[in-house]
Amino acid sequence: MATIVVEGGTRLEGKVRVSGAKNAALIAISAALLANGPVYLENVPRISDVLVMLSIVHDLGAGTEWESEDCVVIYPPDSPDFETPYEKVKQLRASNILLGPLLAKVGKAHIALPGGCNIGSRPMDLHIKGLGSLGAEISLQQGFIKAKANGLKGARIYLDFPSVGATENIMMAAVVAKGQTIIENAAKEPEIVDLANLLNAMGARVRGAGTDVIKVEGVAALSGVRYAIIPDRIEAGTFMVAAAATGGDVLVENVIPTHLEPVTAKLREANAEVIEQDDTIWVKSNKALRPIDIKTLPYPGFPTDMQSQMMAMLAVTPGTSIIVENVFENRMQVADELKRMGAKIKIQGRTAVIEGIPRLEGAQVRASDLRAGAALIVAGLLADGATEIDNVHYIDRGYENLEQKFRGIGARISRNE
Ligand code: EPZ
């Protein structure tokens, strides 16, 4: 199994360019099934989650091909197959957002339940409730969600929790439902807005994305389109935190600064200098960092996907910092690995109390999920000696050429195949 080795003690300096957003690309590939012509998606990262999602839509009958390094074309079939097998879904939980497009296009969908993962049980009750309101009949049988609908009808839906995936599935079903759909307490993440922009470019009528209330007027059909997805705010945030943690001076390029506001605010509170320009964020931190408290929340709160990376930085920030994880029930496993590197972290339920120490010690560690893997690279940069990270396949799911990008800003990092 491949591992990544990081030598500690380097300040990060220079420029790094962020790829397209994983969590926008995956949804866009699914949404492409709704079109009646080819969908050209630009700024798509070549990461394993994207390759798996492309293989899943290919199995459903769509043609897919890379037009260039970062542009992929999806040729949606007139009548896709409607079943996604478990062995594919267990590789990619996000394939559960095929439910909405398949119900809209075929009137049927058999999606293997993704099951739990390392960060939580990942239920789909809000997806099921929302799609049921649009007229779908949904049952759980033998580990599959079996859904069917003889036409979808607009409805008013309130989400008990602003679930990103549920908002996306409901939106993608509602765009061709009869009449108006209102989604209340909708997720407001930038990836939701990007999906709405893509659907509207295909001829849909979605209003209010990015606010608590999304209104969708159903239309008869959606057409093919060429669309560039947004940059990856979590990849950008990962480099920002690494720059601040190492006392570095890094210009992060290809970002939308407003998408990073919660991360920028917290880094400034921690005494790092963060300069926002049109499509770049410059992070400089030549002063001692200060301890901070973080609560993860749905957007525009502090993103749960940045929590582990922050924990690595706070592990060497003098003083006591507190992190509360409010989105997923089990997303602090990286603390166990950081403690093996000498970190002083106490976990009580969803709360981590972190006593900053001067330096971590390099060690052999293992990633438990995608963002924990990225956090361990940050920790390796902050450690005395070498840190070897196992389970790097998690990192490859969501970060394109991560070692090369880190090497480009001075990190001593390599991959052992
Ligand atoms: C999306 O997951 C992202 N994945 C996650 O990114 C991200 O962490 C998450 O949103 C929150 O921002 C993709 O976009 C592919 P949710 P999703 O539904 O849609 C509960 C990464 O590292 N919930 O907003 O699954 C759920 O248990 C990944 O890039 C229900 O209770 O997130 C969780 O506690 C990790 N019932 C909370 O909502 C439901 O029906 C947030 O889940 C659905 C969700």
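- Note: I354 CD1 to S321 OG = 5.5 Å, rounded to the nearest 0.5 Å.
- Here CD1 of I294 is found 4.0 Å from CE of M310. Values are rounded to the nearest 0.5 Å.
- Summarising the local packing, NZ of K295 is surrounded by 12 or fewer heavy atoms from other residues, nucleotides or ligands at distances under 6.0 Å.
- Side-chain contact of T351 with K346: a donor-acceptor pair under 3.5 Å is absent, judged by distance alone.
- Side chains of T280 and E253: no donor on one and acceptor on the other come within 3.5 Å.
- A donor-acceptor contact closer than 3.5 angstrom links the side chains of T3 and E388.
- The existence of a salt bridge linking R397 and D369 is excluded, since no basic side-chain nitrogen approaches an acidic carboxylate oxygen closer than 4.0 Å.
- Using a cut-off of 4.0 Å between Lys/Arg side-chain N and Asp/Glu carboxylate O, E276 and R268 are scored as salt-bridged.
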Side chain to side chain donor-acceptor pair (under 3.5 Å) assessment of S368 paired with Q333 = CA-CA 7 Å; S368 53; Q333 294 165 74; 4.5 Å; no
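- A salt bridge links R226 with E42: the distance from a Lys NZ or Arg NE/NH1/NH2 to an Asp or Glu carboxylate oxygen falls below 4.0 Å.
- A side chain to side chain donor-acceptor pair (under 3.5 Å) with E325 is found for one member of Q307, R350, R331 and no other, namely Q307.
- Rounded to the nearest 0.5 angstrom, L92 CG and L98 CG are separated by 8.5 Å.
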Could you check L297 against V327 for side chain to side chain contact (heavy atoms under 4.5 Å, CB included), going step by step and ending with a plain yes or no?
-> CA-CA 6 Å; L297 284 167; V327 176; 5.5 Å; no
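- Between the side chains of Y299 and R233, not a single donor N or O lies within less than 3.5 Å of an accepting N or O.
- Using modelled atom types, one finds a donor on one side chain and an acceptor on the other under 3.5 Å when comparing T238 with Y399.
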